[in-house]
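Excluded from the calculations below are hydrogen atoms, water molecules and symmetry mates; all remaining heavy atoms, backbone and side chain alike, are included. Just so it is clear, the structure is predicted and the values come from calculations on it, not from any experiment. Order of listing sets the numbers, starting from 1, for every ligand and every atom in it.
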Amino acid sequence: MAFWLRCMACGKKYPSQEIRYQCDCGGLLDVEHDLEALRDVVSKELFDERLGERDLPYASGVWRYKELILPVDDDQIVSQPEGNTNLYRCRRLSEWVGVDELYLKHEGGNPTGSFKDRGMTVGVTQAKRLGCRAVACASTGNTSASMAAYAALAGLSAIVFIPEGKVAFGKLSQALAYGAKTLQVKGDFDDAMKLVRRVCDELPIYLLNSLNPFRLEGQKSIVFELIQQLDWRTPDWIVLPAGNLGNISAFGKAIHELCELGLIERPPRLAAIQARGANPFYRSFLTGFKHRERIEAHTLATAIRIGDPVSYPRAVRAIHWTDGLVAEVTDQEIIDAKAQVDAAGIGCEPASASSVAGVKKLVEEGAIGKGERVVALLTGHLLKDPEVTVRYHLGELEGLTATYANRPLTIEPTLEAVREILEEEG
Ligand code: F0G
């Protein structure tokens, strides 16, 4: 099966073996597949037959859709495996957000605890195919954790650029533990991103941020998998957190390709949710995308603390393709939604909960109907950021209310003390 790179701005084509992240004109690149030829090859039945495979590549929830992702020889694939994440249906959360049919696609179930593994299995596979020996990324934490793990698996050296003091502890510990050279940049994510782009232009190091179109091919599998889990019934909405805008771009491309291939009849609508303090995409949306906004970002959801997202043009296209929309939620709304997801026994990291907070808000505003089928994406695991969780329950998050606090209690080591507490609480 053939695939190549194509500039989304000027249409110029490049061979897939070329190391490049942007077109000569500055436009962003897509991996393009021969959809005409694929129409005779892929089907729902083919993907359903592969469910339950124990061996790689099809045991992976990414490589199950190999023809639509990266049709390479099986022995080239670097996979943990990843994907096959749960699609939860939770009555308590449905009631809280106000829709009858709410599903939570939990990408925290991936090997390193976030959706990044789906892109990284493809990005690192491509790095090996290109003969690269070192890979790099800028990251708010999850990309670096994932890249470090997949580089270790593939025997490549990994260099991560993270904003100093702004990365949740679980993620920083992963980058160190998996053996990546970890560079803490004095600045924010946007500074780290600029730096790593220069580094990868000048040095023989392969860039694995979502600017790299191969990453996005892997992340498309989230959409493929959740629709397959719904027995190929298309949801009305897919709602997801948006930071650097890689994932929303991947989702738009996945939906576009499924429609082109006739695997679904109508596109689900995408809703991208940003934190109010890190909302450049929302601000651009309000101008009808006439202006590309850039800001200095601040939010307690450090994963999406991004002011100048690199995939902006691809994300605008995704919103247009799917008749989608962009919304913003406050840190208070994010942290309360997280407390609800956590208390349902599911759990997620702060940025992830912005999708659930977003559904609630869009239902209240009337954009999402109570009777619509909604999938909210949970992007990362609860244990990624234990500090925010504990500080919330202790009521120690500055400027925020611990609406659903579950405070720990300290007691004497006596049965009497336990009795007293249980009686107090009734
Ligand atoms: N949720 C989580 C948990 C993330 O880690 C990220 C991005 C997003 C949502 C937003 O996805 O960037 O594709 O719009 N994390 C990146 C990182 C930036 O470095 O780990 P996006």
Side-chain angles (χ1 to χ4, degrees), residues 105-110 112-120 123 136-149 160-163 166-168 170-172 174-175 180 182 185 188-190 192-193 196 207-213 215-216 218-220 222 239-254 270-275 278-282 297 299-312 314-316 318-319 326 329 334 337-338 341 347-358 376-385 388:
K105 178 68 173 158
H106 204 330
E107 289 297 300
N110 275 294
T112 77
S114 84
F115 70 97
K116 305 289 181 179
D117 294 345
R118 297 199 186 240
M120 218 43 88
C137 67
S139 180
T140 54
N142 281 323
T143 302
S144 55
S146 182
M147 192 190 78
V160 305
F161 296 74
I162 54 174
K166 299 291 183 329
V167 168
K171 305 173 191 181
L172 177 59
Q174 286 179 293
T182 303
V185 180
D188 61 14
F189 169 82
D190 301 296
M193 187 69 227
V196 78
L207 180 66
L208 278 179
N209 275 100
S210 54
L211 185 65
N212 183 318
R215 278 265 319 272
L216 301 188
Q219 288 170 211
K220 288 189 321 194
I222 303 172
V239 184
L240 71 163
N244 212 16
L245 304 181
N247 223 20
I248 183 95
S249 303
F251 279 33
K253 188 167 187 283
L270 289 176
I273 313 296
Q274 296 213 287
N279 65 354
F281 192 45
Y282 174 68
T299 166
L300 114 162
T302 51
I304 50 173
R305 189 175 185 270
I306 296 171
D308 185 11
V310 298
S311 281
Y312 175 81
R314 293 192 278 228
V316 173
I319 296 297
V326 188
V329 288
I334 290 174
K338 172 178 150 55
V341 174
C348 65
E349 70 163 283
S352 304
S354 56
S355 61
V356 174
L377 191 72
L378 299 177
T379 43
H381 197 280
L382 168 69
L383 293 175
K384 287 281 190 174
D385 194 347
V388 163

Atom pairs and distances, ligand 1 N/O vs protein N/O under 3.5 Å:
from: ligand 1; atom 1: 1 (N); to: T379; atom 2: OG1; distance (Å): 2.7
from: ligand 1; atom 1: 5 (O); to: N142; atom 2: ND2; distance (Å): 2.8
from: ligand 1; atom 1: 12 (O); to: N244; atom 2: N; distance (Å): 2.8
from: ligand 1; atom 1: 13 (O); to: G246; atom 2: N; distance (Å): 3.1
from: ligand 1; atom 1: 13 (O); to: N247; atom 2: N; distance (Å): 2.8
from: ligand 1; atom 1: 14 (O); to: G243; atom 2: N; distance (Å): 2.8
from: ligand 1; atom 1: 14 (O); to: N244; atom 2: N; distance (Å): 3.2
from: ligand 1; atom 1: 14 (O); to: L245; atom 2: N; distance (Å): 2.8
from: ligand 1; atom 1: 15 (N); to: K116; atom 2: NZ; distance (Å): 3.0
from: ligand 1; atom 1: 19 (O); to: S139; atom 2: OG; distance (Å): 2.7
from: ligand 1; atom 1: 19 (O); to: T140; atom 2: N; distance (Å): 2.8
from: ligand 1; atom 1: 19 (O); to: T140; atom 2: OG1; distance (Å): 3.3
from: ligand 1; atom 1: 19 (O); to: T143; atom 2: OG1; distance (Å): 3.1
from: ligand 1; atom 1: 20 (O); to: S139; atom 2: OG; distance (Å): 3.4
from: ligand 1; atom 1: 20 (O); to: N142; atom 2: N; distance (Å): 3.1
from: ligand 1; atom 1: 20 (O); to: T143; atom 2: N; distance (Å): 2.8
from: ligand 1; atom 1: 20 (O); to: T143; atom 2: OG1; distance (Å): 3.0

Kindly indicate whether the side chain of [X], heavy atoms from C-beta on, has any atom under 4.5 Å from the side chain of [Y].
X: N142; Y: E349; answer: yes
X: I306; Y: D190; answer: yes
X: Q219; Y: F115; answer: yes
X: K171; Y: T112; answer: no

* Testing T302, V388, L382 for side-chain contact (heavy atoms from CB on, under 4.5 Å) with P350, which one passes? ->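 Going through the options one by one, the only one that passes is V388.
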
* Aromatic ring pairing Y312/F281, orientation class (parallel under 30°, perpendicular over 60°, tilted between) ->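 Perpendicular.
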
